[in-house]
Amino acid sequence: MTELVHADRAAETEATGRWWRDAVIYQVYVRSFADGNGDGIGDLLGVRSRLRYLADLGVDAIWLNPFYTSPMADFGYDVADYRDVDPIFGSLADAKALIDDAHRHGLRVIVDVVPNHTSDQHVWFQEALAAGPGTPARERYIFREGKGADGELPPNDWESVFGGPAWTRLPDGQWYLHLFAPEQPDLNWENPEVHAEFESILRFWLDLGVDGFRIDVSHGMVKAEGLPDVGHADQVKMIGTEVVPFFDQDGVHEIHRAWRRLLDSYPGMRIGVAEAWVPSLDRLANYVRPDEMHQAFNFHFLTTPWDAARFRKVIDESLASSGAVGAPATWVLSNHDVKRHVTRYGHGELGLRRARAAALLTLALPGSTYVYQGEELGLPEVLDLPEEYLTDPQRLRNPEDGRDGCRVPIPWADVEPHFGFSLPGIEETWLPMPASWGPLSVESQLRDPASTLSLYREALRIRRDLTSLGDESLTWLDSPAGTLAFTRGDGFAVTVNLTGEPVELPAPGRVLLASAGVEVAGGTVRLAPDSAVWWGRDDA
Ligand code: BGC
Ligand code: CA
């Protein structure tokens, strides 16, 4: 008996120790989550005030987008001081209080780290500008002489991810590299000082109590030897599958290994999640080898169109490639850089129906899932933001590619003018919220058992109860074309209809949860168009 209890304890410690393997992690885009001080911009105080909501939703952890000191040329992805909080978002004391409070609510906290580039206002870059060519201060970034008779041409043909050349020339004649905006100069990861600085930054936040890091552009820190031309003039997209000399170079993995050693030297299973837009799932799996990061966002899944065969293929390939290195899959449908999936799947009612089904599909898969704030409300992309509000650096260079529409503040209550996002009395939020969003607010949806929020809450509750699922794999069941059906262990099955027509198939158990109406009669289920159902199979 005693022995058994001990064995259980050991199993439990092992299970909680590896908490990230099947965790649901909620992405908080701080600027748009909740405004605690009434200036129309979300902040750390606002996040703190909504921790109860997140705990009740049933997520395991939160990932906070950057809240560090920044001139905000790229909404915080241009960091000027990695060890302090921008006054827009609060203070370091607020960050500490938020971490502690989150822990009290049973939520782990992951923060963003931005190692590919700093802000041009970072003290290092300011020093580099002042010190001039050939100085050690310039060795922290990637400065080069230009081509052409007077060095008037950029050092190579690289284009910035946001559009336009990836090089900017200084008055002293040298050029510096920026894969993103000119306000985001790329660091030189061949310089040991850069390594030392980032290890120190990681320690700073680990000491403050964070449970892990989301590593921005983790596939970009190392560039191909000699900075060779890409060889064509097209702009390179982040969301591309092309092999380019500045992304996914083998050298980046040494950095991830060093960081993993650092994470492992701290108690409590601190994790790293890689943001890596790479050409294939096999390349992605390199980032989650046993001595590298714990997770890597599966953008191949995110970009899969609404099609049963395509989903089945990407799920199989994802499980195979991550499984081959012993890592869990890390599913994601939306984030602050892409069009919200309600809109990608068709917008309006169609998009919402599919998004609800996609939620049940995704949350039933083995591994970990990220939920982007507002997807639990079924928020669509806002496509008609007034021009004067739009300052996303990507949109400025590429009008069709703006990321503002997925960053609109969250509606908390059905009250005008800003739906409880800000304090009463303020005039406007940093991005305006659609007048129609009252019924989509948290408060409205909590009252409605059929709402998308209720669907997510129920799904997360069931997922927690089904602890036996762990991250074990799935088994496909035969099902008609355009549908997916699978089991996880003996007790749980999922069916998804990705067609626009009702489909009948044998009911694989009793209904636990459905994204839309479901009719079961005589052992046959009629699945509504674009819907998913979770099934319990206790008699199996
Ligand atoms: C972030 C973006 C950011 C870029 C540059 C990304 O992948 O998620 O929001 O613009 O890195 O830091
Ligand atoms: Ca604020």
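Throughout, numbering of the chain's residues begins at 1 and tracks the sequence. In listed order, ligands and their atoms are each counted from 1. No experiment lies behind these values; they were computed from the predicted model shown.
- Ligand 1 lies less than 4.0 angstrom from a heavy atom belonging to Phe162.
- Residue-ligand proximity, Asp74 to ligand 1, at heavy-atom distances under 4.0 Å covers atoms 3 (C), 4 (C), 5 (C), 10 (O), 12 (O).
- Using a non-hydrogen distance threshold of 4.0 Å, Gln394 does not register as a contact of ligand 1.
- Around atom 11 (O) of ligand 1, the closest heavy atom drawn from Asn65, Asn335, Asp216 belongs to Asp216.
- Electrostatic pairing of Arg257 and Asp291 counts as a salt bridge here, judged by a charged N lying under 4.0 Å from a carboxylate O.
- The Ca ion (ligand 2) lies closest to atom OD1 when only the N/O/S atoms of Asp35 are considered.
- Rounded to 10°, the angle formed at the Ca ion (ligand 2) by Ile41 O and Asp43 OD2 is 100°.
- The distance from the Ca ion (ligand 2) to the nearest N/O/S atom of Asn37 is under 3.0 Å.
- Comment: Asp337 engages Arg407 in a salt bridge, judged by a side-chain N to carboxylate O separation of less than 4.0 angstrom.
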Practice problem: Decide yes or no on ring pair (Phe, Tyr, Trp, His ring centres under 6.0 Å) for Phe299 and Trp331, but give the supporting numbers first. | Solution: CA-CA 8 Å; Phe299 296 127; Trp331 312 105; over 10 Å; no
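- Sorting the N, O or S atoms of Asp39 by how far they are from the Ca ion (ligand 2) puts OD1 first.
- For ligand 1, the atoms closer than 4.0 angstrom to any heavy atom of His117 are 5 (C), 12 (O).
- Listed by number with element, the atoms of ligand 1 under 4.0 Å from a non-hydrogen atom of Val217 are 11 (O).
- Using cut-offs of 30° and 60° on the angle between ring planes, the pair Tyr29 and His336 is parallel.
- In this structure, of His219, Glu275, Arg403, Arg407, the residue bringing a heavy atom nearest to atom 7 (O) of ligand 1 is Glu275.
- A salt bridge does not link Arg48 to Asp43: none of the charged side-chain nitrogens sits closer than 4.0 Å to a carboxylate oxygen.
- Salt-bridge check for Asp264 with Arg261: failed, with every basic side-chain N at 4.0 Å or more from each acidic carboxylate O.
- Not a single N, O or S atom of Gly38, from either the backbone or the side chain, sits less than 3.0 Å from the Ca ion (ligand 2).
- For the residue pair Asn65/Tyr77, the side-chain donor-acceptor check at 3.5 Å is satisfied.
- Ring planes of Phe125 and Tyr141: perpendicular class, angle over 60° (limits at 30 and 60°).
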